[in-house]
Amino acid sequence: MALVAGVDIGNSTTEACVAEIGPDGDVEYLSGALAPTSGVKGTADNVEGVVAVVRRALERARRGVQELDAVLVNEATPVISGLAMETITETIVTESTMIGHNPDTPGGAGLGVGTTVAFGALGEREPGEPVICVVGAGIDFEDAAHGINAAVERGIEVTGAIVHADDATLIANRLREPVPVVDEVTLVEKVPLGMPAAVEVAEPGRTIRTLSNSYGIATVFGLDAEQTRMVAPVARALVGNRSAVVVRTPDGDVTGRRIPAGALTLSGERGKRSVEVDAGADEIMTALRGVRPLTDAAGEPGSHVGGMLARVRDTMSELTGTRADAVRIQDVLAVDTFVPQRVTGALAGEFALENAVALAAMVRTSRGPMRLLAARLREALGVDVLIGGVEADMAVLGALTTPGTGKPVAILDLGGGSTDAAVATDDGVVRSVHLAGAGDLVTKLIDSELGLDNRELAEDIKKFPLAKAESFFHVRMEDGTARFFTDPLPADTFARVVVLSDTGMRPVPTRHNLDKIRQVRRAAKHKVFVVNALRALEQVAPGGNLRQLGFVVVLGGSALDFEIPDLIAEAVAGFGIVCGTGNVRGSEGPRNAVATGLVAAHALAPELGLAVGS
Amino acid sequence: MALVAGVDIGNSTTEACVAEIGPDGDVEYLSGALAPTSGVKGTADNVEGVVAVVRRALERARRGVQELDAVLVNEATPVISGLAMETITETIVTESTMIGHNPDTPGGAGLGVGTTVAFGALGEREPGEPVICVVGAGIDFEDAAHGINAAVERGIEVTGAIVHADDATLIANRLREPVPVVDEVTLVEKVPLGMPAAVEVAEPGRTIRTLSNSYGIATVFGLDAEQTRMVAPVARALVGNRSAVVVRTPDGDVTGRRIPAGALTLSGERGKRSVEVDAGADEIMTALRGVRPLTDAAGEPGSHVGGMLARVRDTMSELTGTRADAVRIQDVLAVDTFVPQRVTGALAGEFALENAVALAAMVRTSRGPMRLLAARLREALGVDVLIGGVEADMAVLGALTTPGTGKPVAILDLGGGSTDAAVATDDGVVRSVHLAGAGDLVTKLIDSELGLDNRELAEDIKKFPLAKAESFFHVRMEDGTARFFTDPLPADTFARVVVLSDTGMRPVPTRHNLDKIRQVRRAAKHKVFVVNALRALEQVAPGGNLRQLGFVVVLGGSALDFEIPDLIAEAVAGFGIVCGTGNVRGSEGPRNAVATGLVAAHALAPELGLAVGS
Amino acid sequence: MADTGVSTRRTLRLDERGTAGPGSRTDEVVIGLSPAFGDFFTKTIVDIPHAEVLRELLAGIEEQGVHARVIRFRGGSDLAVIAHAAAKLSGSGIAVGVLSRGTTMIHQKDLVRLSNLELFPQAPLMDLDAFRKVGRNAARYAKGESPEPVPARNDFMARPRWQAKAALLHIKETEFVVPGADPVELDVRFQLADAG
Amino acid sequence: MADTGVSTRRTLRLDERGTAGPGSRTDEVVIGLSPAFGDFFTKTIVDIPHAEVLRELLAGIEEQGVHARVIRFRGGSDLAVIAHAAAKLSGSGIAVGVLSRGTTMIHQKDLVRLSNLELFPQAPLMDLDAFRKVGRNAARYAKGESPEPVPARNDFMARPRWQAKAALLHIKETEFVVPGADPVELDVRFQLADAG
Ligand SMILES: Nc1ncnc2c1ncn2[C@@H]1O[C@H](COP(=O)(O)OP(=O)(O)O)[C@@H](O)[C@H]1O
Ligand SMILES: Nc1ncnc2c1ncn2[C@@H]1O[C@H](COP(=O)(O)OP(=O)(O)O)[C@@H](O)[C@H]1O
Ligand SMILES: [Mg+2]
Ligand SMILES: [Mg+2]
C-alpha cells in the first residue's frame, strides 16, 4: 500500500488529491483540497501553496505527512495571458452643433425652434422671429423664469431654453407658457448665439422623434438634400435620447471616427495574415482561423496592440529567463465590447457608448523551472516528488472518473486565464489545445461595460445572482421571486441592485437596472466561454467534427459558475453529444481532475513518473 | 384653379389629400385626412371609407363637395396576406421518467435520492434503503407531514417527496428534518412506484444543478456511459428549472421530436426549390433568395403549410373572381418563433417552449374591380373620378415632398399586411417590390410568443410603451423613471405590467416581467421589419447595393411606431445613407404619401389620369 | 386511512390577545374576521366549518412563504370595511376579509374602501378549494406578484335560492357588532376532534 | 443685473398651519426643521441664510418633479430623531432633516433611527450647492431611484475650528425644545428684500 498525493498547480488554484494505491494498482481515494496558487504557475514560488494544500488534504484523510510515499506534481508549464482593451470608435462634435445628452430632468415637453439668444440679451430683443433662450451659469431659476415671462409679455416668442444649471423643471414650472428646456449644459457659454436652433424634450418615458430623424431636422431648418446628408450623423447620434438640442452652425458636424488601434500580425502554420484591430473581433478571429494553429502574433510597433503584446512577452521572458523575442504567442481571442466614453467637443459632458475590442493573448512555455520547484517541494515536505505526465492526459484520466462518462471524451477546462481542451479517442490518443481567454476576461468585460472600475465587484457580479432591494425588508431576485428579511437591510442597499455574494449583499453603484446588468453578465460569458468552447472542441475533435465527440466534460473553476455550463450545454445541444459539468470521482464536481488523474496514472504505471531528488 | 382630392386606398387605411392646382400646375395643399379602409382594398366596398375621408379632408379645408373638380384614386390592386404559424418541435416524455415543471412553491431545498413509495405504504415499510414518498390526491398536508415524520422516527430514511396538491411548503414546514418536496404534480398517480428516483429543489432564486447535468443524473443513479447517453435529453430539458424529479424507469425517455409541417415549394424566375418548413426560417429564406423573384409558392397537399397557402389562394380567388389555381403567391416571409406548448406525457401539466415557424404569404392581383369602384365613387360624390398612375410612382412623388430628400431615393412603406419599397433613380426610373409580412405579423408574433391569445392587446403592446404599476400611486416606465398619480390606479393594475395605451392603462395578464415583454416586442419588430427593410432595399437598390441609395424615407402606419424607425435606421447605419421617417409635405409625417403623390402627378400631367365615367 | 382525504374533524379555538396594531413585517397578510366568525357562527352558509375555512386561508398563505395574522373586527359587519381596515393593519398592505356566511374579499390599504383586489360575493359558492386559493393569491399580492385572480364562480340560481338565508345570517351577524370596538388580535389553534 | 448671479436677498416666512399628519402622496419628501430653524436662528454656522438653505432644498426636490412638505419638530434637537420622525410622516417614507447650524441628514421610515441614507455631519462644509444636491437625492430616493450619494466633503480642520461654535449653537437650539410638542406643518414663503 502506498499513500500518494496528486497535486495540480493551476494558474489560479492549486488542487490536491490524496489516495492509497494497493499492490495491484487499485486506488482508494481518500480526500481532496484546494488553495490559491502562490506565485506564478510552474515556479518555485508555488511551494508554499502546494504544501498548504497537501497538508489540508492529508488532514482530511486523517493521515500525517510522514506517512506519505510520494507527491505527484503536474508538468506545470506556465501559461501567461495578457488582456487589453482598445476603444476603436470615437464621437466628435464640431462647432457645438449638437447637445445630445440626457439630463435626468429636462423641463416641459415638445419641440421649440428659434434663434439662440443669451438670457442677458433677451431684454433688448425686439419682437420678431422666435428665439431659444440660452441661460448661462449663475442665473437663478426664478430670475430666468421671470426674464423669459417678461420677454414673452413684450411679444417675444420664446420657444425653448438651454440652461447651465440643473434648473429645467424649476424654470418650466414658473413659465406662464411652458416650453421645452434642456438643462445641465455644462459648457453653455460655448453655445453659438444668433444661430437657428431646435430644442426637443419628450414626454417622460418616451424618446425624441423629430431631432433624431434626419428629415425632422431638415423640416425644422428647411434643409435641402445635400445639407440633410450632412446632418444625418447628428440625427443618428440623438436616437434614443429623451431630450436634445441641435444648433445649425455653418460647419457643425458630428463624426463617428474609427481610432486606429494598430495592426495585428498573426503567423500560423498555414501562413501569415495582418488585420487591423479596429476592424473588430470577427475579422480578427476569421484571420486567426485562416492561419491556425498560431505560431506567433505581433502587434504593430508603437500602436496600442503592439504595446499590449510587448507586455505579455516581457512578463513571460522575465519569468522563464527566455529572451523576449523568443517568446511565442500561441493563441489570441478577440471580443467585441463597448465602453462609455466622453464625447469630444460635447458641451454637456455627454457620454457615448463606443465600440472597443478586447484581446486576450496566451503564451505557453515548454517546461519551466519545474525541477527547481520539485526539489524545493521535496525539501519542504521530506517526501519523494514525481513530475507527472502530460497535463492533458492527466486531465482526461481525472475527468473519466466522472460517473457516466466514456470514450471518445473531450474535456473543457474553464480556468481563469485560459480555456483548455483535450480529447481522448477510443484508442487512447490525446490531443489538446490551450486557448486565450477565460474567467478573467469575463470579469474584465463586465467591469468595463458597466463602467464599474472595480474588478473585485465585477468578479462578484460574474459569480453570484443579482437582486433589487425593493424595501428595507425584501429584495426581488433575478427570477422575480421576493425574499423577505426580518431585520432591515443595510442602508446602502436602499433601492439598489445588489449582488447576493457569499459574504452578503453588495450594492452595485451604477445607473443600470437589474436586467441590463444581467444581460451584460450573460453576454460576457457567452462571448468568452461559448466562443472558446466551440473553438476548442472544433480544434480537438476528430476531423474538426463535434459530432465525433461522445462526451464532453466541463471542468475548472469557471465550471462552478451558475450559468456558464448551461450556456455551453445549450450551444452544443445540436451536436447530439452528452455535455455536462464534471463530477470527478463522483464527489469533487468539476474540480480536482488533474490531481486525480495524476494519482490514477501513477497507479496504472508508477514507473512513468519522473522522480526528482529521490 | 382646380380643387382635387388624391385618395389612397390601403389595406388598412384610406388617406386623402385635398389641394388646389393652379393653371401653371402649381399646387397648394390644403388638408389631409384618414380613416380605416372599408372592405377589401380595391373593391367597391371601399366607397364608404373613401367618401368619409374625402368629406373630412374637405371639411378641414373648409370647402364643399360641390366645389371639387376631381377625385384621384390610386390603382388599388388588392394585396392579400395570409399568416400561419406551425409548431415544429415537440417534447415527449415516456414512462413518466421526468417531472420538470416549475411549481411556484416547492418545499425544502437540496437533493433527495431513493425508491418511490406511495404515502399509504409508508407505514408498512421497513428501514433499509432511502425512499422518496409519493403523496397522492386528497391527503391533507398535516397528515402527510405526520406520516413522514412517523416513518422517519421508525428509522426509514425519507429523502424527498412528490406531492399532488400545492402543499410542498406546508409539508416541508412540518417535517422534523426538512427534505426537498416537489408539488402540484397533477397526475401523481402515474408516478411509477418502487423505482429509483431523485428530487431536487434549488434555493429560492437559484436553479437546480444536479438533475440538469447528465453527469449529475449519472452520479445519482450510478449510470454507465451508455445509460448516461440515454438520459442526456432529460438533463437538457431540466436546465433552468427551480425544481425537478427524475424517476429511473427501464425505458423512460424524453425526446425532442421535429413535427413535419410539410414542404414548401418555391417557384421563381431562377428555378424551383422545395424546403421543409420544419427546417426553420433561415432555410426557407435562403431557398427563396435562390429563386427570387418568386412567381408562385405551393404547400405540400394535406400538410399544414399546404392548408395555409390554400386558404390565402381561396380568399383571393373569391375576391377577384379569378380561379384559385390562377392565383399566384408573390412573396413569402418566414420567421422563427416559439410557442408555449404542453409537454406530451408530462405528469404536472408542464409546458415547454417549442420552436415554431410563422409564415406570411402575399398575393397581388393585377388591377381588380377598380372601374366598378370608380363608377360607384362617382355616383356617391357626383364628381369626376380619375384612376391614377402606378402606386409606387405615386408613393415616391409623395415621399419627395419630405424636406431634405433627394434622388436617388428609396421609400419603405411599412403597412399592416405588406412591406412595400420603391426606388427612384436620378433618371426617374422607378422600381418597386411588395413583400409579405408587416405590422399584422408583428402583432401575431407578440400575441403567440407571450401566450396572450388576445390580438387587440398584442396590438397595444406593439404600439405603446410598457410600465410596471409599483403601487396604486405610481408606475415605473420602461426607462426606469417613475410616474406618479394623485388618484389611485384601477385595482386590476395592481402589481401588474401595464401598456400605456392612448385610451389609458391596460394590464397585461401574463407571468412575464416587463423586460421580457419588451424583449419579445422588440425582437418581433426586428424579425419582421428590419429583415423586410433590408430584403426590400436589396431588391430595389441599383445592383442590389444599398450604398447606391442616397435617401431612404420610411412611410406607412408602422412608421408611426415609437421604435421601428430607429431599428431600421440602426440596421442601415453602416451603408452611409440618410434614413429617416418621412414627413410628407413637411407636415403629415409618414402618412399621406400616395394621396399627395396622386395630386402632384396630376398637377404635372393631368392628361395621364384615366377618367372614369365623365 | 390517511389517503382517503379529509376524514378528520377539526375544531377552532380563537383566543383574544388584546387590541390589534399595525404590522411591521412586510411579508404578512392579515385575515380580518367578522364579529361572529368562529364564535356564535361556526359554519358558512353552506355548512363549511369555519375551522376549515380559516385553516385553508392560512394554508394558502403559508404555502407561499408568507406570514399570516388573524384579527377580529367587532366594529361592523360590512365586508369592505372589515377587509379595508385589515389591510390598513397589514404590514404588506394586503388583507383578506371574511364574513361568517363565507363572503370573502382581498383588499389593499391604498385602495379606496369601496374598491378591492378580488371579491367573492356569492358565499354559497365558496368551497375549501376557493378559500385555499384566496389565501394563496393574497400572499402573492403581498410578495409583489401579479397572480391571476381566482376564477369567480357564478351561479345564477344561487342568488335567489340562498338570498333569504344570507339576509338572516347578515342580520344575526350584525347583532354581534359592538360599535366603535377596537380590532382584536387572535391566537388561532386547531384541535382534532375524534377522527370519526 | 440678472446675469450676475444671486444678488437678491430673500427673507423666509414660516407660518404654522397646525399639527402635521402623515402624508398621503407617495411622491412627497418631507423637510424636517429643528426647533429654532428660520426662527430664532436665521443663518447656519457659516452664515448661510436659512431662507437660501430651505429654498435650495425645495428647488432640488422640485427639479426632480417631486412634492415637498415642510414640518417643524419642536420636540427635540437631535437630528436623527427629527429626520426619522419626518420620514415617518412622509408619504414616500423619505425625509430630509436639517438643524439650524446646517447639519443635515436624509432618512427613510423603515430604517432604524440611528441609521440613515445620507448624513452630512459637518455643518461648516454645507454650502448652497450641497443643499440643492441633498434635496435632489432625497427626491430621487422617493422616486425609487438609486442616486450616487452626495459626495461627503471632509475637512479635518473644520471640526476643531468650529467645534466650540457648534456646541454653543446646539445648546441654544435645545433651549427652544418643547418636550412632547407635536410636529407642526409650515407654510413657506420667500420674500425678496430689496435687491441691493
Ligand atoms: N463559484 C464560481 N463561480 C464562477 N466562477 C468561479 C467560481 N469559482 C471560481 N471561479 C472562476 O474560476 C476561475 C479560476 O479557475 P481555476 O480553474 O481555479 O483556474 P486555473 O485552472 O487557472 O487554476 C476564475 O476566473 C474565477 O473567477
Ligand atoms: N401609432 C402606431 N404605432 C405603431 N404601429 C401603428 C401605429 N398606427 C398604426 N400602426 C400599424 O400600422 C399598420 C397599418 O399600416 P397602414 O399604413 O395603415 O396600412 P396599409 O398601408 O396596409 O393601409 C398596422 O399594423 C398598425 O398596427
Ligand atoms: Mg434638470
Ligand atoms: Mg407549492
Side-chain angles (χ1 to χ4, degrees), chain A residues 104 204-207 209 212-229 231-232 235-236 239-240 242 402-407 465 467 470 477-481 483 500 511 513-515 550-551 553 562-563 565-566 569-570 573 577-583 586-587, chain B residues 104 204-207 209 212-229 231-232 235-236 239-240 242 402-407 465 467 470 477-481 483 500 511 513-515 550-551 553 562-563 565-566 569-570 573 577-583 586-587:
Chain A
D104 270 325
R206 293 275 191 159
T207 55
R209 304 299 302 273
S212 59
N213 177 8
S214 302
Y215 305 125
I217 299 183
T219 303
V220 159
F221 295 126
L223 304 186
D224 64 22
E226 200 39 48
Q227 292 167 324
T228 304
R229 198 192 295 282
V231 301
R236 206 145 58 221
V239 167
R242 213 201 121 192
T402 292
T405 52
K407 283 185 187 174
E470 292 192 336
M477 320 271 277
E478 278 187 32
D479 65 357
T481 55
R483 213 169 109 194
L500 304 173
R511 298 199 124 200
N513 68 7
L514 186 146
D515 279 275
F551 297 86
V553 182
F562 66 102
E563 57 196 354
D566 291 350
E570 200 190 310
I577 49 189
V578 180
C579 175
T581 305
N583 190 12
S587 63
Chain B
D104 270 325
R206 294 276 191 158
T207 54
R209 303 300 302 272
S212 58
N213 177 9
S214 301
Y215 305 125
I217 299 183
T219 304
V220 159
F221 295 125
L223 305 185
D224 65 23
E226 202 38 48
Q227 293 166 324
T228 304
R229 196 192 299 281
V231 300
R236 207 147 56 220
V239 167
R242 211 199 123 193
T402 293
T405 51
K407 285 186 186 172
E470 292 191 337
M477 320 269 279
E478 277 188 33
D479 67 355
T481 55
R483 212 167 111 194
L500 303 174
R511 299 198 122 203
N513 68 8
L514 186 146
D515 278 275
F551 298 86
V553 181
F562 66 103
E563 55 195 356
D566 291 350
E570 200 189 311
I577 48 189
V578 181
C579 175
T581 305
N583 189 13
S587 64

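Only heavy atoms go into these numbers, but all of them, side chains included; no hydrogens, no water, no symmetry mates. It should be emphasised that the depicted structure is a prediction, and the values quoted were computed from it without experimental measurement. Every chain is numbered from 1, with letters handed out A, B, ... down the list of sequences.
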Q.
Heavy-atom pairs under 4.5 Å with chain A: which of A218(B), G406(B), G205(B) has the most?
A. G205(B)
Q | chain A contact via N213(B) - side chain, backbone, both or neither, heavy atoms under 4.5 Å | A | side chain
(Q) Taking side chain as everything from C-beta outward and backbone as N, CA, C, O, which of these in T219(B) sits under 4.5 Å from a heavy atom of chain A? Side chain, backbone, both or neither. (A) both
Q) Of the listed residues (G586(B), S214(B), P465(B)), which shares the most heavy-atom pairs with chain A below a 4.5 Å separation? A) P465(B)
Q. Measuring heavy-atom distances to chain B, does T581(A) have an atom under 4.5 Å in its side chain, in its backbone, in both, or in neither?
A. both
Q: Check whether I577(B) gets within reach of chain A through its side chain, its backbone, both or neither, counting any heavy atom under 4.5 Å.
A: backbone
Q: Report yes if the side chains of R483(B) and L500(B) come closer than 4.5 Å at any heavy-atom pair, otherwise no.
A: yes
Q.
Looking at every non-hydrogen atom in both residues, tell me the closest pair between V578(B) and Y215(A) and how far apart they are.
A. O-OH, 3.4 Å
Q | Heavy-atom closest contact (A569(A) atom, C579(A) atom, distance) | A | CA-SG, 4.2 Å
Q | Set of salt bridge (Lys or Arg N to Asp or Glu O under 4.0 Å) partners for D104(B), sequence neighbours left out | A | R511(B), R140(C)
Q | Side chain, backbone, both or neither of A232(B) within contact of chain A (heavy atoms, under 4.5 Å) | A | side chain
Q. Can you say whether R236(B) sits under 4.5 Å from chain A via the side chain, the backbone, both, or neither, judging by heavy atoms?
A. side chain
**Q.** Which atoms of T405(B) approach chain A - backbone, side chain, both or neither, heavy atom under 4.5 Å
**A.** both
Q | Taking every non-hydrogen atom, the tightest pair across R209(B) and F562(A) | A | NH1-CA, 3.9 Å
Q | Distance (rounded to the nearest 0.5 Å) between R229(B) CZ and L223(B) CG | A | 13.0 Å
Q: Can you measure from CG (L514(A)) to CE (M477(A)) and round to the nearest 0.5 angstrom?
A: 10.5 Å
Q.
Which atoms of A235(B) are under 4.5 Å from chain A, going by heavy atoms: the side chain, the backbone, both sets, or neither?
A. neither
Q.
Which atoms of V553(B) are under 4.5 Å from chain A, going by heavy atoms: the side chain, the backbone, both sets, or neither?
A. both
Q. Which one of D566(B), V239(B), T228(B) has the most heavy-atom pairs closer than 4.5 Å to chain A?
A. T228(B)
Q. Partners of E470(B) by salt bridge (Lys or Arg N to Asp or Glu O under 4.0 Å), sequence neighbours excluded?
A. R476(B)
